[in-house]
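Naming: A, B, ... by sequence-line order, numbering from 1 per chain.
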Amino acid sequence: GQQLNQSPQSMFIQEGEDVSMNCTSSSIFNTWLWYKQDPGEGPVLLIALYKAGELTSNGRLTAQFGITRKDSFLNISASIPSDVGIYFCAGQGAGGTSYGKLTFGQGTILTVHP
Amino acid sequence: DTEVTQTPKHLVMGMTNKKSLKCEQHMGHRAMYWYKQKAKKPPELMFVYSYEKLSINESVPSRFSPECPNSSLLNLHLHALQPEDSALYLCASSQVRTVGQPQHFGDGTRLSIL
């Protein structure tokens, strides 16, 4: 089945630093999604990407859909303490048996020191 | 605030009990999902409903029984659960019309099996 490799698994950074995380896949995806999950809450959608090469920003967040459609990255600029949480990438393939199914990365645990 | 509402937030039950988890959304989404999530792991898909009909069952044990009474509601009926079923159960919803519509998650029900 499809697998996503998300890295790094965890990051410990100082407030104000920039953060970069990425996901790679052995299969092509038509959609890439980035979610953030805080303790005791469900994943919250940060950015959705629909086209190869697409670069999208949401405030201090920037994400890109790789040209090969097998990878995506998420950058966070000027990190702040509330950026702490687990970040998940997720890919969705084209119709057929993959319809409605997301393949998740293993997550990146982000810790920000004030 | 999430637009997908799950109740209860916490549930403790014995292995012989019968209980139900509830999920409600008013975004007009016609696809709804149940996920199981262990601590610091990505969500694992259990069931997908499309237009109130079960479209995907990821080989989930029969002690979990989903139900979609209408387009806004999704239930998960629980019976004779095992300790390993203790987890966060997440509900999500999305549009159906176009492949690649992102899923929006509720905050989950934290389930503990004694």
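Nearest heavy-atom pair across B/Gln103 and A/Leu102 is NE2-CG, 3.5 Å. The shortest heavy-atom contact between B/Lys40 and A/Ile86 is CA-CD1, 4.0 Å.
In this structure, B/Met15 places its CE atom where only 12 or fewer heavy-atom neighbours from other residues, nucleotides or ligands lie under 6.0 Å away. The local environment of CD in A/Glu17 is crowded, with over 12 non-hydrogen atoms from other residues, nucleotides or ligands closer than 6.0 Å. Around the NZ atom of B/Lys38, the shell of radius 6.0 Å holds more than 12 heavy atoms that belong to other residues, nucleotides or ligands.
For A/Gln37, the part lying under 4.5 angstrom from a heavy atom of chain B is the side chain only. There is no contact between B/Glu44 and chain A, counting heavy-atom distances below 4.5 Å. With a 4.5 angstrom heavy-atom cutoff, B/Gln37 touches chain A only via side-chain atoms.
A distance of 5.0 Å separates CZ in A/Phe104 from OH in B/Tyr35, rounded to the nearest 0.5 Å. Put simply, OH on A/Tyr50 and CD on B/Gln101 are 5.5 Å apart, with the number rounded to the nearest 0.5 Å. A distance of 11.5 Å separates CD of A/Glu41 from CG of B/Leu90, quoted to the nearest 0.5 Å.
Taken together through direct or relayed side-chain contacts under 4.5 Å among Ile, Leu, Val, Met, Phe, Trp and Tyr, B/Trp34 and A/Phe88 form parts of separate hydrophobic clusters. By the rule that hydrophobic residues join a cluster once side-chain heavy atoms approach within less than 4.5 Å of another member, B/Val60 and B/Leu81 end up as members of one cluster. Under the 4.5 Å side-chain contact rule for hydrophobic residues, A/Val84 and A/Leu46 share a cluster. Residues B/Phe47 and B/Leu45 do not share a hydrophobic cluster, clusters being chains of Ile/Leu/Val/Met/Phe/Trp/Tyr side chains in contact below 4.5 Å.
Annotation: side chain of A/Trp34 is not in contact with side chain of B/Pro102 (no heavy-atom distance under 4.5 Å). Contact of the B/Pro42 side chain with the A/Leu4 side chain is not registered, since no non-hydrogen atoms from C-beta on lie closer than 4.5 Å.
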